[in-house]
Amino acid sequence: MRLLTHNQLICVKKGCKDNFPLKIECEKLEQEETEYNEEFLLHVVDKLAYPELRQAGIQVGIADLPESLPEKESMASDELFLKSLHKVLLDTHVEEGALICEKCGRKYPITKGIPNMLLNEDEV
Amino acid sequence: MAKRPEHIAPPELFYDEKEARKYGNSTRMMAVQSTMSARAIELLNLPDRPCYLLDVGCGSGLSGEVLSEYGHVWVGTDISSAMLGVAVEREVEGDLCYADMGQGMFFRNGIFDGCISISALQWLCNADKKCHRPKERLEKFFQTLYNCLVPGARAIFQLYPETPQSMQLITECAMRCGFSGGLVIDYPNSTKAKKMFLCLDAGTPRKLPEGLSNG
Ligand SMILES: [Zn+2]
C-alpha cells in the first residue's frame, strides 16, 4: 500500500463513518523506485490531504516533506519538492502492519501490501 | 448450458486459488479482459493526462494493467484474496484493497477521476448470505462510489446481467444515488461479440457514447 492510497482511506465501520486519517502501524516498509511522473503529481496534489500525508510519512519514518505545501504556481518548478512528494506518495509502500481508526479502535490489517477493509456483518 | 459462475459460489469462494490461477493464466480470458478494459477506458472519455482511477473487482489485475499501459495510476478492490494474490505475483502497478463492494467504498470524497469495473457488478445481484439484500448492497455501493468520485466523473461497468430485472434493479439503484447515464451495447446483434457497458456519470449528465457495431 502506497501512502497515496493511505491518504484516501477512511474508516467505514458502522457508527464511525468517514473517520480520517487512519493511523499507520508499520511493521515492514518497502521503498520501490518508480518512474517520476510530474504531470500526475501536479494533478493529484490538489486532491491530497497534505498535513495527513506528511504525518503518514513521519509515522513510517520518512520526514522528507515540508510542513506546508508550496504554492501551486511555483510548484511546477520546485523539483526538490516534487521529487520528495513522489518518493513519499508513490515509492513508499507499507507491506505489513495495520491501519488503526483512532476514533473507534477498528484495526484494518495490511498483509503483503494489501489493506483488509472487509467489515464483519455486524459492522456494516 | 454452462452454469454462471455467480450461481456456483460467492465470488470469494468461486475465485479460489485454483480458479484464480486459471483465470490469470488463460490467454483467451486475458485477451477478452484486456479488450473489455481498453473499451471501458475509451468509454470513460478521460482528459489527455495521467488520471487517478478506481478499479472495482480488479481481480488478478488484468484490467489494471491496461490502465497502467494508458499511463493512469489506480487503486483496485476485490473480495477474492486468491485473485489479489495473483495480482501481487504479477507485480501490478496499482494498489490493491481486500474488500466487498457490497459493503461500500472506503475512500474520501471527490478523489477518483473515474472508475472501471469488469464483470463484477452482476455479483451484487446475488444474495450469497442471509444478511445480503441485493438492493441494499447495490445502493450502498453506488452511494459510496458516487461520493469518492470527482464531480462529473464517469464510471464504466462491463457486466453480464442475468435478467432484464437485474439490469433494471442495478440501473434504478444507481439513479437513486445520483448517477445518470445508461447502457452502451457493443455488437448488439452478435451473440458472441455482444458486450454491455453501464455508463454512469456522477453529477452532470454527458452524452451517452454510442455502442460499436459491425455495419
Ligand atoms: Zn472508526
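Keep in mind it's a predicted model, so treat the numbers as computed, not measured. In what follows, chains carry the letters A, B, and so on, assigned in the order in which the sequence lines appear, proteins first and then strands, with residues in each chain numbered from 1.
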message: Quick one about A/T111 and A/E96 (side-chain donor to acceptor, distance below 3.5 Å, no hydrogens or angles considered), yes or no?
response: no
- prompt: What part of A/L48 is in contact with chain B, defined as an atom under 4.5 angstrom from a non-hydrogen atom: side chain, backbone, both or neither?
  reply: backbone
statement: Counting heavy-atom pairs under 4.5 angstrom with chain B, the leader among A/M117, A/Q8, A/E123 is A/Q8
- request: Please determine which of B/L96, B/I79, B/V92 meets the side-chain contact (heavy atoms from CB on, under 4.5 Å) test together with B/L84.
  value: B/L96
Side-chain donor-acceptor pair present, B/S37, B/S34, cut-off under 3.5 Å: no
query: Is any residue of residues 41-50 of chain B within less than 4.5 Å of chain A by heavy atoms, and which ones?
result: B/D48, B/R49, B/P50
query: Pick from B/D95, B/N147, B/I111: which one has the most heavy-atom pairs with chain A under 4.5 Å?
result: B/D95
field: chain B contact via A/N37 - side chain, backbone, both or neither, heavy atoms under 4.5 Å
entry: side chain
query: Will you find, in the side chains of A/N7 and A/R2, an N or O donor that is under 3.5 Å from an N or O acceptor?
result: no
- request: Identify, with sequence neighbours excluded, every residue that meets side-chain hydrogen bond (donor to acceptor under 3.5 Å, both in side chains) alongside A/E32.
  value: none
field: Contact class of B/C148 relative to chain A, heavy atoms under 4.5 angstrom
entry: neither
query: With a 4.5 angstrom heavy-atom cut-off, which part of A/E121 approaches chain B: side chain, backbone, both or neither?
result: side chain
- prompt: Is chain B contacted by the side chain of A/F20, its backbone, both, or neither, given a heavy-atom distance below 4.5 Å?
  reply: side chain
- request: Please report the C-alpha distance between A/H43 and B/D113 in whole Å, then the side-chain angles of each, then the deciding distance to 0.1 Å, and finally whether the side-chain hydrogen bond (donor to acceptor under 3.5 Å, both in side chains) criterion is met.
  value: CA-CA 10 Å; A/H43 165 60; B/D113 302 306; 2.8 Å; yes
query: In terms of heavy-atom pairs under 4.5 Å with chain B, which of A/V124, A/L119, A/V12 leads?
result: A/L119
- prompt: Is the shortest side-chain N to carboxylate O distance from A/E25 to A/K23 below 4.0 Å?
  reply: no
- prompt: Should A/P115 and A/Y108 count as side-chain neighbours, where that means a heavy-atom distance under 4.5 Å?
  reply: no
For A/D91, side-chain hydrogen bond (donor to acceptor under 3.5 Å, both in side chains) partners two or more places apart: A/T34, A/H86
statement: In terms of heavy-atom pairs under 4.5 Å with chain B, the winner among A/I114, A/L90, A/L9 is A/I114
task: Taking salt bridge (charged side-chain N to carboxylate O under 4.0 Å, His left out) as the test, write out the residues that go with B/E136, two or more places apart.
output: B/R133
